[in-house]
Amino acid sequence: MKKSEHYFATWADKVHRDLGDSDVSKLCTHIVKFLVSDKAVRLKHITFGTLHSELKISWDEQEKLQLIKATDYLSSGRLHLLNMKFQLIDDPNSDPIPIEDQYISAAFNSGVLYNPTTGNEVENFKSKLFPYFEPTEMLMGMHAE
């Protein structure tokens, strides 16, 4: 048995114990299978779009909600394979800008976010912040073995 298969079996079992036979559990298992695969080895920036295209899941409202719940579980302390981060897309014609966690927290507390590139206040910043995920050290360590 390859190490990735061992990790997959262990983590999939944990998902099943935590979430039972739910649709979210099945989606989590599907995501974990992708995360331990060779396709995910070099991924350092994983978006909902990445998961959508790699997993070939539908993009209806129910699937979106399940994907949010699945990534919430996978980035929680219960399994913690992913770290949730945020990026700012202030201008649709520019590249996303990663925002440090402390600035996200401060923005939600104060109601103000400044674009780290321009220094300008971001109008309606909540609609311009998008989550993405980075693999945790545990997941990267599995790939390094």
Side-chain angles (χ1 to χ4, degrees), residues 4 7-145:
S4 62
Y7 280 98
F8 170 71
T10 301
W11 292 336
D13 183 57
K14 169 87 170 114
V15 169
H16 188 264
R17 281 194 320 264
D18 286 349
L19 303 176
D21 285 328
S22 67
D23 289 339
V24 172
S25 174
K26 292 172 188 166
L27 182 56
C28 282
T29 302
H30 195 46
I31 294 169
V32 170
K33 187 172 187 174
F34 166 68
L35 292 174
V36 302
S37 74
D38 290 340
K39 291 176 81 173
V41 170
R42 289 183 178 79
L43 287 179
K44 303 293 183 234
H45 185 100
I46 303 165
T47 64
F48 287 126
T50 305
L51 295 172
H52 166 70
S53 64
E54 289 295 332
L55 302 174
K56 312 258 187 292
I57 57 176
S58 69
W59 210 228
D60 64 28
E61 288 304 313
Q62 184 65 25
E63 283 288 332
K64 286 179 187 177
L65 182 58
Q66 288 178 357
L67 187 56
I68 290 168
K69 288 179 181 180
T71 54
D72 182 55
Y73 171 79
L74 295 171
S75 61
S76 75
R78 294 171 77 186
L79 192 56
H80 201 221
L81 295 180
L82 300 171
N83 288 318
M84 182 186 285
K85 302 287 186 176
F86 287 90
Q87 58 192 359
L88 172 67
I89 302 178
D90 197 11
D91 176 355
N93 298 319
S94 63
D95 290 332
I97 304 165
I99 305 291
E100 297 292 326
D101 292 344
Q102 74 254 21
Y103 298 120
I104 296 294
S105 179
F108 278 97
N109 286 332
S110 69
V112 178
L113 176 71
Y114 295 96
N115 182 315
T117 305
T118 65
N120 297 329
E121 182 177 338
V122 177
E123 297 288 326
N124 196 17
F125 74 88
K126 292 177 185 176
S127 68
K128 298 176 182 179
L129 287 175
F130 297 90
Y132 71 96
F133 305 91
E134 295 178 343
T136 60
E137 287 186 27
M138 181 170 64
L139 181 57
M140 290 189 308
M142 184 277 314
H143 283 297
E145 289 183 8

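Quick caveat: nothing in here was measured; it's all calculated off a predicted structure.
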| query | Run the side chain to side chain contact (heavy atoms under 4.5 Å, CB included) check on Phe133 and Thr50 step by step: do they pass? | reply | CA-CA 10 Å; Phe133 305 91; Thr50 305; over 6 Å; no

Taking C-beta and beyond as the side chain, do [X] and [Y] meet within less than 4.5 Å on heavy atoms?
{"X": "Ile31", "Y": "Leu51", "answer": "yes"}
{"X": "Trp11", "Y": "Thr29", "answer": "no"}
{"X": "Lys44", "Y": "Met140", "answer": "yes"}
{"X": "Leu79", "Y": "Asp18", "answer": "no"}

| task | Report the C-alpha separation of Tyr7 and Leu35 in whole Å, then their side-chain angles, then the decisive distance to 0.1 Å, and conclude whether the side chain to side chain contact (heavy atoms under 4.5 Å, CB included) test is met. | result | CA-CA 10 Å; Tyr7 280 98; Leu35 292 174; over 6 Å; no

Donor-acceptor pairs under 3.5 angstrom involving side-chain atoms of residues 91-103: please list them, not counting sequence neighbours.
from: Asp91; atom 1: OD1; to: Asn93; atom 2: N; distance (Å): 2.9
from: Ser94; atom 1: OG; to: Asp91; atom 2: O; distance (Å): 2.9

All N/O donor-acceptor pairs, side-chain side in residues 110-126, below 3.5 Å, sequence neighbours left out:
from: Ser110; atom 1: OG; to: Ala106; atom 2: O; distance (Å): 2.9
from: Ser110; atom 1: OG; to: Val112; atom 2: N; distance (Å): 3.2
from: Ser110; atom 1: OG; to: Val112; atom 2: O; distance (Å): 3.3
from: Asn115; atom 1: OD1; to: Thr117; atom 2: N; distance (Å): 2.7
from: Asn115; atom 1: OD1; to: Thr118; atom 2: N; distance (Å): 3.2
from: Asn115; atom 1: ND2; to: Asp90; atom 2: OD2; distance (Å): 3.2
from: Thr118; atom 1: OG1; to: Asn120; atom 2: N; distance (Å): 3.1
from: Asn124; atom 1: ND2; to: Ser127; atom 2: OG; distance (Å): 3.1

Considering all heavy atoms, the nearest [X]-[Y] contact:
{"X": "Glu63", "Y": "Ser58", "answer": "CG-OG, 2.8 Å"}
{"X": "Met142", "Y": "Val36", "answer": "CE-CA, 3.6 Å"}
{"X": "Leu82", "Y": "Pro135", "answer": "CD2-CA, 4.3 Å"}
{"X": "Arg78", "Y": "Lys14", "answer": "O-CE, 2.9 Å"}

| task | Ignoring hydrogens and angles, tell me if any N or O in the side chain of Ser25 forms a donor-acceptor pair with the backbone of Asp21 under 3.5 Å. | result |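 Looks like no, no N/O pair under 3.5 Å.
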
| request: List the steps and the verdict of side chain to side chain contact (heavy atoms under 4.5 Å, CB included) for Lys26 and His30. | output: CA-CA 6 Å; Lys26 292 172 188 166; His30 195 46; over 6 Å; no

Out of curiosity, [X] [atom1] to [Y] [atom2], how far, rounded to the nearest 0.5 Å?
{"X": "Cys28", "Y": "Gln66", "atom1": "SG", "atom2": "CD", "answer": "10.0 Å"}
{"X": "Lys64", "Y": "Ile57", "atom1": "NZ", "atom2": "CD1", "answer": "10.5 Å"}
{"X": "Leu65", "Y": "Asp60", "atom1": "CG", "atom2": "CG", "answer": "10.0 Å"}

| message | If you count heavy atoms of other groups shown closer than 6.0 angstrom to CG of Asp38, is the number above 12? | response |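 No.
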
| request: Decide if atom CZ of Arg17 counts as having more than 12 heavy atoms of other residues, nucleotides or ligands within a radius under 6.0 Å. | output: yes

| query | Can you list every pair that meets ring pair (Phe, Tyr, Trp, His ring centres under 6.0 Å) and has a residue in residues 52-100, with sequence neighbours left out? | reply | His52-Trp59

| said: Could you go through Thr47 and Phe130, starting from their C-alpha distance and side-chain angles, then the distance that decides it, and tell me whether this counts as side chain to side chain contact (heavy atoms under 4.5 Å, CB included)? | reply: CA-CA 9 Å; Thr47 64; Phe130 297 90; over 6 Å; no

